[in-house]
Amino acid sequence: TALPITQTFHGGSGINVSEARAHFSLWSVLKSPLLISADVTKMEPQFLEILKNEEVLAVNQDNLGMQAKKIRGPNADLSLLPCQSGNEFQLWTINSSGAILNRKANECLSISDCSTRAGATAIMFDCFPSGNACNYKNQLWDYDSSTRQLIADISSMCLNWDFEQVNCSSSRTMWIYKNNQLMAGSDSERCLTVPGAPSQGEIYAGPLEWGAYGAVLFNRQAASMNMTLNFTDLGLTGTTECGARDLWMHENLGVFAGSISLEVAPHDVRMITLMP
């Protein structure tokens, strides 16, 4: 999908500079074609400067051409958020039938569209609805306590931390079921969470041709937010050191080990590159 840059980027559009910057950052990291259909000679300077940021444009035009993935924030159904004891949005029951029920949503973890393909997404859906096209196999799971994996009955594939069914030999497929919470791997700080939990912001990240990663930390809220990007979400180890650069401030932020935490203003972003 192309982003037509039109009246969005001028003062009469109803959005401010922070929101325009967020808009442009997200489309850039998602590798959308950027088509300017506005009259740039009449564009206010602060908005025109957004479109001229060469570091942001370089991420969009990166030759690897891989879209960033959302690694934090709702996929309309699920997210990984900091674990909180007793948080109903994070409490799950694995029934003897194989269904995995979230107590707050009163819905079951399901593979969308009864799909058997690798990469099909897990969603929340009514448990055992009438007329199910695959005899409810998309809502049945086996939790293997030895490998700590969630195996989808419909495909015999495993759920990963991107909420996709993948080959069980893939990385990022370990889930620890403890105290009725599903924790991502050995990381006891992040738990499988359904919508409605307090927002922790959204993070999009993906690889670049020259070995770095591009990332956008996005705050939709009306108050500033401290956001943390864990390097394990990029497929790196928890001890990996990365040099970070802010693409809007045009400055190096330093070297960080395992994660980076940044303050993000309301309705704004921090767009960075990370070089291991």
Side-chain angles (χ1 to χ4, degrees), residues 22 25-26 28-31 59 62 64 66-84 89-90 118-119 121-123 148-150 158-176 181-195 197-220 225-247 253-264 269-276:
S25 299
L26 288 167
S28 293
V29 80
L30 292 169
K31 304 300 193 293
V59 172
D62 179 72
L64 190 61
M66 289 188 65
Q67 281 190 324
K69 287 188 176 183
K70 182 186 285 188
I71 61 176
R72 176 182 296 177
N75 71 342
D77 287 282
L78 298 165
S79 58
L80 287 175
L81 293 180
C83 300
Q84 296 176 319
F89 297 97
Q90 298 178 339
T121 304
I123 62 173
R148 296 182 172 180
Q149 292 174 305
L150 285 170
C158 288
L159 185 71
N160 70 9
W161 301 347
D162 296 316
F163 322 119
E164 300 168 337
Q165 60 179 8
V166 297
N167 189 292
C168 291
S169 63
S170 303
S171 61
R172 296 158 53 89
T173 58
M174 181 187 293
W175 297 91
I176 296 174
Q181 291 178 310
L182 284 163
M183 303 172 184
S186 58
D187 182 355
S188 60
E189 296 182 357
R190 296 184 304 149
C191 286
L192 187 63
T193 310
V194 295
S199 174
Q200 298 292 320
E202 299 176 21
I203 298 178
Y204 299 78
L208 301 173
E209 181 187 33
W210 43 285
Y213 296 83
V216 172
L217 288 68
F218 177 34
N219 177 13
R220 292 179 181 267
M225 178 184 297
N226 188 274
M227 297 178 62
T228 299
L229 168 57
N230 296 303
F231 298 163
T232 53
D233 287 330
L234 304 175
L236 304 173
T237 68
T239 58
T240 300
E241 293 186 348
C242 290
R245 180 170 177 82
D246 190 304
L247 304 189
L253 302 178
V255 177
F256 298 81
S259 66
I260 181 172
S261 296
L262 297 171
E263 192 74 14
V264 186
V269 295
R270 299 291 297 271
M271 187 170 183
I272 60 175
T273 54
L274 293 164
M275 184 65 189

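No hydrogens, no waters, no symmetry mates; every other heavy atom, side chains included, goes into these values.
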Checklist entry - Checking side chain to side chain contact (heavy atoms under 4.5 Å, CB included) for the pair Asn230/Arg190: CA distance, chi angles, key distance, verdict? => result CA-CA 11 Å; Asn230 296 303; Arg190 296 184 304 149; 3.9 Å; yes
Next on the checklist: For Ile203 and Leu217: C-alpha separation, side-chain torsions, deciding distance, then whether side chain to side chain contact (heavy atoms under 4.5 Å, CB included) applies.
Outcome noted: CA-CA 5 Å; Ile203 298 178; Leu217 288 68; 4.1 Å; yes
If you compare all heavy atoms of [X] against all heavy atoms of [Y], which two are closest, and at what distance to 0.1 Å?
X	Y	answer
Gln181	Gln90	NE2-OE1, 3.1 Å
Leu192	Leu80	N-CD2, 3.8 Å
Pro276	Leu236	CG-CD1, 4.1 Å
Trp161	Trp175	CD1-CZ2, 3.6 Å
Leu78	Phe163	O-CE1, 3.6 Å
Ile272	Leu253	CG2-CD1, 4.2 Å

Checklist entry - Would you say the side-chain atoms of Arg148 pair up with the backbone N or O of Gly185, donor to acceptor, closer than 3.5 Å? => result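 Judged by distance alone, no pair lies under 3.5 Å.
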Checklist entry - Passes side chain to side chain contact (heavy atoms under 4.5 Å, CB included), Arg172 versus Asp233? Steps please. => result CA-CA 9 Å; Arg172 296 158 53 89; Asp233 287 330; 4.0 Å; yes
Show me the donor-acceptor pairs within less than 3.5 Å that the side chains of residues 209-216 make with the rest of the protein, sequence neighbours left out.
unit_1, atom_1, unit_2, atom_2, d
Glu209, OE1, Asn63, ND2, 3.4

Item to check | Test side chain to side chain contact (heavy atoms under 4.5 Å, CB included) applied to Cys191 and Met183, step by step | outcome: CA-CA 4 Å; Cys191 286; Met183 303 172 184; 3.7 Å; yes
Checklist entry - NZ/Lys70 to CG/Leu30 distance, rounded to the nearest 0.5 angstrom? => result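 The NZ atom of Lys70 sits 9.5 Å away from the CG atom of Leu30.
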